[in-house]
Protein chains: 2
Amino acid sequence: MLRPSGDLTMADIARMAGVSESTVSRALAGSSRVAASTRQRIAELASATRYTVNESARSLRLGRTRTVEVLIPIEPDNPQSISDPFFLDLLGAIADALTARGYDLLLSKSPPWGKTPRGNSLVSGRADGMIIIGQGKRLQELRDLAQAHAQIVVWGAHLDGEDYTIVGGDNREGGRLACAHLIGLGRTRIAFMGDYRLPEIRLRHQGYLEAMGAAGLSVDGALVVPAKFDRESAFAAAQALIAGAPDVDGVVASSDVIAMGVISALAQAGRRTPADVGVVGYDDIYSAAWFNPSLTTISQSIRRGGDALVDALFARMAGEPAANVLLPAQLIVRASCGAQGLTKTKRGSRRSNP
Amino acid sequence: MLRPSGDLTMADIARMAGVSESTVSRALAGSSRVAASTRQRIAELASATRYTVNESARSLRLGRTRTVEVLIPIEPDNPQSISDPFFLDLLGAIADALTARGYDLLLSKSPPWGKTPRGNSLVSGRADGMIIIGQGKRLQELRDLAQAHAQIVVWGAHLDGEDYTIVGGDNREGGRLACAHLIGLGRTRIAFMGDYRLPEIRLRHQGYLEAMGAAGLSVDGALVVPAKFDRESAFAAAQALIAGAPDVDGVVASSDVIAMGVISALAQAGRRTPADVGVVGYDDIYSAAWFNPSLTTISQSIRRGGDALVDALFARMAGEPAANVLLPAQLIVRASCGAQGLTKTKRGSRRSNP
DNA sequence: CTGTTAGCGCTTTCAG
DNA sequence: CTGAAAGCGCTAACAG
């Protein structure tokens, strides 16, 4: 490991300044219990020698690391990688929020359950708190972890009675909005595509059913198709959908990537979007506005999500309670449902609220 | 900070097992110098009590952190955020490579120069090495940092005589390939768009000039337009280009995002892509294949880039020399230059070599 | 094969 | 206002 600039330690600075280590420590911490002149002298010395406090020693002594772990658990059977655009946008927002608080971000992909050789960072004292992106399918493991450690906040679905704070979009309302939009445009045979083993998707599915019910439209099994998050399985699932429900005229896709796969499959089957089938996506990822046709989708206000996650985590780390946060779902109308005719959204309108 | 499960320390485990701390330490490290039966017993005890070694103490003692910092420096005047698709893809590749080696990833956005309150992780002993994404415009600061610390690897342009190992795409060849492709399709008034204050872009620009020269085509000032990395400035820059060089029939854009902005601006000015103007992008980001028209672009084999960065860093951390790595640039032909007529690339062909 | 001992670099009582 | 001393939890000589 590189030591602070040329193996310089606090004892060295103390010797050079002709004071004790304690005084250096206090001076560098900005304590008013040290003479202003001494403080000044030490500050200059530290800066001139490029000395920096060794954070490992500091963490050991203080029992705090000033580090937060962000965990993006990837299940082995889930092809969704860390490169999924939505996750990455959220990660960027979290990074900004943590930086603003002077905390470091430890990025991790391996879930703390299962055989982790070194244990997870929270348990092994490498981080003061943990943000987990997505509950995944291992709800029980997550529950156990949260029971053992209070400093956990999760991005995901708003389940009841969990021990961790949940921040997430209003998935039920999002699903409802997407479906209602299609219904409002006169579609009646509307399909839902997504992996409803995931809590968030299950809620979107419920919203979809709610909208269908409210409009008096019936839903049969052929209209609800499981689909994983990558483009290829979405494409395959869409082909199954077309075979099972040839009269489909609308699709509520549970992610933008799925929506893109669906539109491709429809095109290959000779169905035009939006003329023959309207499609709504979810997430409003970067490419949604660029896709052809541009995607009507549900936006999750990622920036606010990052802030809310970090706020809640710091509350919990301070021993305070932190309520769940439900971020509003917003419908972004573009071309893929036909509501705009062939008009494109205005250039650059990637997010509704940048 | 959460202590290893219920404030359990190695001394506790030692007491429970009826051995000394050293034995526990050795047993947990898998040392063969401890009886297999003892080792077994301690392992079970640790697992039952959910004990994990405290990493802060371990790092302090060992002088190593098993952590690598990945720095994505964002200059204040550069709107390119951490959410830039290319950076994020590369980050994902690096995360995988580090995980495979059992290292943690500390993500950071603030450059170590300038007033960083806590110093950077390398100097403050929070990381054993550092991967910096992009040289940015602060070459001298980077040079100083690399002179002080050997454990630095940079993704970027292959400059000569730097103290750090450089891994990056063959930018010159990429620029040349892009331009030669357009020339091969009969274009003669080919523009270059990008911020050539950045070393990587400067090399792409050189490749562009090389191809133009080899074909005996002249380049005048109106054809070379500075453009930042966001869509809006690319759009504005493209408008300037059209005004200054109305006869332009090809564009080498220094990123896919810029290419998208250019195509939008061209469309607004009544120029069709690829019919009137052929456009080549750079990076092969996620949306490149989805854009309409799909982007012909230069792929940088990001996965190999992540591996090469991590390999080189570990070599340097071991005190060994690590040569620069030049990754081949590959032309991905899609629709935006007219080489395919209106044929789309095969679905799902996001990367040339996944 | 196992235990004793020292110390990584820092912060913080407790004295002065 | 400053210093001396203790100790955070761990690992690695050095003995036995």
Side-chain angles (χ1 to χ4, degrees), chain A residues 1-42 45-46 49 51-66 118-119 121 123-126 128, chain B residues 1-43 45-46 49 51-66 118-119 121 123-128:
Chain A
M1 172 174 75
L2 287 190
R3 289 293 165 52
S5 45
D7 293 314
L8 224 47
T9 177
M10 197 177 265
D12 298 321
I13 302 292
R15 204 174 320 109
M16 292 160 96
V19 295
S20 76
E21 259 187 273
S22 336
T23 302
V24 175
S25 176
R26 281 193 278 255
L28 260 28
S31 161
S32 57
R33 287 181 44 194
V34 71
S37 60
T38 319
R39 213 188 312 148
Q40 172 75 10
R41 189 158 43 92
I42 292 174
L45 195 54
T49 56
Y51 166 79
T52 334
V53 170
N54 179 314
E55 290 288 340
S56 292
R58 184 171 217 271
S59 293
L60 175 59
R61 177 64 233 242
L62 253 40
R64 298 184 287 106
T65 58
R66 288 183 157 276
R118 302 167 62 201
S121 68
V123 169
S124 62
R126 298 174 55 77
D128 301 342
Chain B
M1 173 174 75
L2 286 190
R3 289 291 165 52
S5 45
D7 292 313
L8 224 48
T9 178
M10 197 177 265
D12 297 323
I13 303 291
R15 203 174 322 110
M16 292 159 97
V19 294
S20 76
E21 257 186 273
S22 341
T23 301
V24 175
S25 176
R26 282 193 278 256
L28 258 30
S31 160
S32 57
R33 287 183 42 194
V34 71
S37 59
T38 319
R39 213 188 313 150
Q40 172 75 8
R41 188 158 43 94
I42 291 175
L45 195 53
T49 56
Y51 165 79
T52 335
V53 170
N54 179 314
E55 290 288 341
S56 292
R58 183 171 219 270
S59 294
L60 175 59
R61 177 64 232 243
L62 253 40
R64 298 183 287 107
T65 58
R66 288 182 157 276
R118 302 167 63 201
S121 67
V123 170
S124 62
R126 297 173 58 72
D128 300 343

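What's counted below: heavy atoms across the whole structure, side chains too, no hydrogens, waters or symmetry copies. Below, read A as the first sequence line, B as the second, and so on, with proteins coming before strands; counting in each chain starts at 1.
Between dC10(C) and Tyr51(A), a contact under 4.0 Å exists linking OP1 or OP2 to a side-chain N or O. Considering only side-chain N and O atoms, Arg61(B) lies nowhere under 4.0 angstrom from the phosphate OP1 or OP2 of dG9(D). Checking the phosphate oxygens (OP1, OP2) of dC8(C), no side-chain nitrogen or oxygen of Thr9(A) falls inside 4.0 Å. Contact check, Ser22(A) against dA5(D): no side-chain N or O comes under 4.0 Å of OP1 or OP2.
Taking only side-chain atoms of Arg33(B), from C-beta outward, the nucleotide of dC10(D), dC14(D), dA12(D) with the closest atom is dC14(D). Side-chain proximity of Thr23(B) to the nucleotides dA4(D), dG9(C), dG3(C) is greatest for dG3(C). Here the nucleotide nearest the side chain of Leu60(B), chosen from dC10(C), dC10(D), dG9(D), is dG9(D). Comparing atom distances between the Asn54(B) side chain and each of dC10(C), dT11(D), dG9(D) picks out dG9(D) as nearest. Nearest to the side chain of Ala57(A), among dA13(D), dG9(C), dT11(D), sits dG9(C). Considering only the side chain of Ala35(A), dC1(D) comes nearest among dC10(C), dC1(D), dC8(C).
The CZ-P distance, from Arg126(A) to dG9(D), rounds to 17 Å in whole Å. Rounded to an integer number of Å, the gap from CZ of Arg41(A) to C1' of dT2(D) is 12 Å. Separating the CG atom of Asp12(B) from the P atom of dC8(D) is a distance of 11 Å, rounded to the nearest angstrom. To the nearest angstrom, P of dA6(C) lies 14 Å from CD of Glu21(B). In this structure, the CZ atom of Arg26(B) is 8 Å from the P atom of dG3(C), given to the nearest Å. Distance Ile42(B) CD1 to dG3(C) C1': 13 Å, rounded to the nearest Å. We find that CD of Glu55(B) is positioned 19 Å from P of dC8(D), with the value rounded to whole Å. Distance CE (Met10(A)) to C1' (dT12(C)): 12 Å, rounded to an integer number of Å.
No side-chain donor-acceptor contact under 3.5 Å links Ser56(A) and Ser59(A). In summary, the side chains of Ser22(B) and Ser25(B) do not present any donor paired with an acceptor at a separation below 3.5 Å, with no hydrogens or angles considered.
For Thr38(A) and dT2(D), a side-chain-to-base donor-acceptor distance below 3.5 Å is absent, hydrogens and geometry of angles not being considered.
Applying the side chain to side chain contact (heavy atoms under 4.5 Å, CB included) test between Tyr51(A) and each of Ile13(A), Asp12(A), Leu45(A) identifies Ile13(A) as the sole match.
Taking every heavy atom of both residues into account, Ala17(A) and Ile42(A) meet most closely at CB-CG1, 4.2 Å.
A donor-acceptor pair is defined here as one N or O able to donate and one able to accept, closer than 3.5 Å; such a pair exists between the side chain of Asp128(B) and the backbone of Arg66(B).
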